Amino acid sequence: MTISHAPPDLSATPEKTPAPAGRTAPDLEPIVPASVRRARLRSVPRWLRRTVGPLLLLALWQVFSATGVLHPDVLASPGTIARAGGDLIADGTLPAAMGVSLQRVAVGLVLGGVVGTALALVSGLSRLGEDLVDATVQMLRTVPWVGLIPLFIIWLGIGEAPKVALIALGVAFHLYLNVYAGIRGVDAQLIEAGESLGLNRWGLIRHVVLPGALPGAMTGLRYSLATAWLALVFGESINADAGIGFLMNQAREFFRTDVIVVCLVVYAFLGLTADVIVRTLERLLLQWRPTFTGQ
């Protein structure tokens, strides 16, 4: 006689044990994985997330100004600064000053960019060029370029030339260092692969070295733009009769903190706009390079 044991039915739902009399069963909350929470945060537009910090700072600033913690003589309130900026825009003072400052930065950026990139190519592509150029540039870049303002005034006068030269000098050093490092950082195996494919020296430079150095050049351009705006602030203190720095100097004489902050905001806005332009160029020119975008 054979006794068969039927397997237990695992699909059957076990009966719930009733809660003891006088006690209520606790409500269980579902556990949300961390990945789901991060996904919900990512669903918020990135531009909105990036504005949280500045808006919070602006709100605290307004509260401190309204309650008297921050005196107007020390720093004007955001409302006062907004009205001052509107007045400067309405009478055309601020747009004219921005045009003059942008022209100075553009000319200095072009001159410094050409000189810095040319020296980096000479030094990076040739050992002889490195021996002739690199030591001199490394020596000069250790000199505080702001300290050269008195010499620029003696050599070039007090017109536009010393302002543009100061910007060009700061730009040239940043581009030189980053382009040179980008050229020397190209993988040697890529060079060997190009030679095995029959590329001559010019072909290697065009198809291997320069594309490989492009990320460094973009980084150098971003640093150069930041330095250009910094040099502009110092340059426009040299007997300037127009530009954003001229407005700041005038406002300082009359203790107009609202106008000074407006000029600082304009400097920041122009610098941020330039950085956005460089980021756009990076996305267009460096599509072949996979990068880590964060988690």
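Keep in mind it's a predicted model, so treat the numbers as computed, not measured.
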Q. Any salt bridge (Lys or Arg N to Asp or Glu O under 4.0 Å) pairs touching residues 257-266, not counting sequence neighbours?
A.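 Pairs touching residues 257-266 that pass the test: Arg256-Asp258.
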
Q: Write out all pairs satisfying salt bridge (Lys or Arg N to Asp or Glu O under 4.0 Å) with one or both partners inside residues 55-65, taking only residues at least two apart or from two chains.
A: none

Applying side chain to side chain donor-acceptor pair (under 3.5 Å), which residue pairs with at least one partner in [range] are found, sequence neighbours left out?
range            : value
residues 167-183 : Ser123-Tyr176, Glu130-Tyr180, Asp134-Tyr176, His174-Thr227
residues 154-167 : Arg104-Glu160
residues 80-93   : Ser77-Thr80, Thr80-Arg83, Asp91-Thr93
residues 108-122 : none

Tell me whether [Y] is reachable from [X] by hopping between hydrophobic residues (I, L, V, M, F, W, Y) whose side-chain heavy atoms are closer than 4.5 Å.
X      : Y      : result
Val233 : Met248 : yes
Val261 : Leu70  : yes
Val100 : Val105 : no
Val110 : Val107 : no
Val266 : Leu102 : yes

Q: Begin from the C-alpha positions of Leu232 and Ile167 and carry the test side chain to side chain contact (heavy atoms under 4.5 Å, CB included) through to its verdict.
A: CA-CA 6 Å; Leu232 178 67; Ile167 296 171; 4.1 Å; yes

Roughly how far apart are [X] [atom1] and [Y] [atom2], rounded to 0.5 Å?
X      : Y      : atom1 : atom2 : result
Phe173 : Leu119 : CZ    : CG    : 9.5 Å
Leu148 : Ile153 : CG    : CD1   : 11.5 Å
Leu281 : Leu214 : CG    : CG    : 9.5 Å
Leu221 : Leu109 : CG    : CG    : 6.5 Å
Glu253 : Phe255 : CD    : CZ    : 8.0 Å
Thr219 : Leu177 : OG1   : CG    : 12.5 Å

Distance-minimising heavy-atom pair for [X] and [Y]:
X      : Y      : value
Val171 : Gly113 : CG1-N, 3.7 Å
Leu175 : Gly220 : CD2-C, 3.8 Å
Pro95  : Leu88  : CD-O, 3.9 Å
Phe234 : Leu230 : CD1-O, 3.2 Å
Leu156 : Ala165 : CD1-CB, 3.8 Å
Leu166 : Gly235 : CD2-N, 3.8 Å

Q. Does Phe152 reach the side chain of Leu169, with side-chain heavy atoms less than 4.5 Å apart?
A.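 Result yes, sub-4.5 Å side-chain heavy-atom pair found.
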
Q) Are any of the side-chain heavy atoms of Val208 and Val186 separated by less than 4.5 Å? A)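 Val208 vs Val186: side chains touch.
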
Q. Going through the distances and angles, do Leu132 and Val122 end up as a side chain to side chain contact (heavy atoms under 4.5 Å, CB included)?
A. CA-CA 9 Å; Leu132 296 176; Val122 172; over 6 Å; no

Q. Does CD in Gln250 sit with more than 12 non-hydrogen atoms of other residues, nucleotides or ligands closer than 6.0 Å?
A.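 Above 12, so yes.
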
Q.
Does Ile158, at its CD1 atom, have more than 12 non-hydrogen atoms belonging to other residues, nucleotides or ligands within less than 6.0 Å?
A.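 Not buried by this count: 12 neighbours or fewer within 6.0 Å.
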
Can you give the donor-acceptor pairs under 3.5 Å from side chains of residues 57-66 to other protein atoms, not counting sequence neighbours?
| from | atom 1 | to | atom 2 | distance (Å) |
| --- | --- | --- | --- | --- |
| Trp61 | NE1 | Ala76 | O | 3.2 |
| Ser65 | OG | Trp61 | O | 3.0 |

My understanding is that only residues two or more places apart in sequence, or in another chain, count here; which of them pass side chain to side chain donor-acceptor pair (under 3.5 Å) with [X]?
X      : result
Asp275 : Arg222, Arg279
Tyr267 : Glu236
Arg141 : Gln138
Ser224 : none

Q. Any donor-acceptor pair under 3.5 Å linking the side chain of Thr142 with the backbone of Met139?
A.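 Yes, because the side chain of Thr142 sits within donor-acceptor range (under 3.5 Å) of the backbone of Met139.
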
Q | Ile183: partners by side-chain contact (heavy atoms from CB on, under 4.5 Å), with sequence neighbours left out | A |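 Counting only residues at least two positions away or on another chain, Ile183 forms a side-chain contact (heavy atoms from CB on, under 4.5 Å) with Leu121, Leu125, Val179, Val209, Ala213.
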
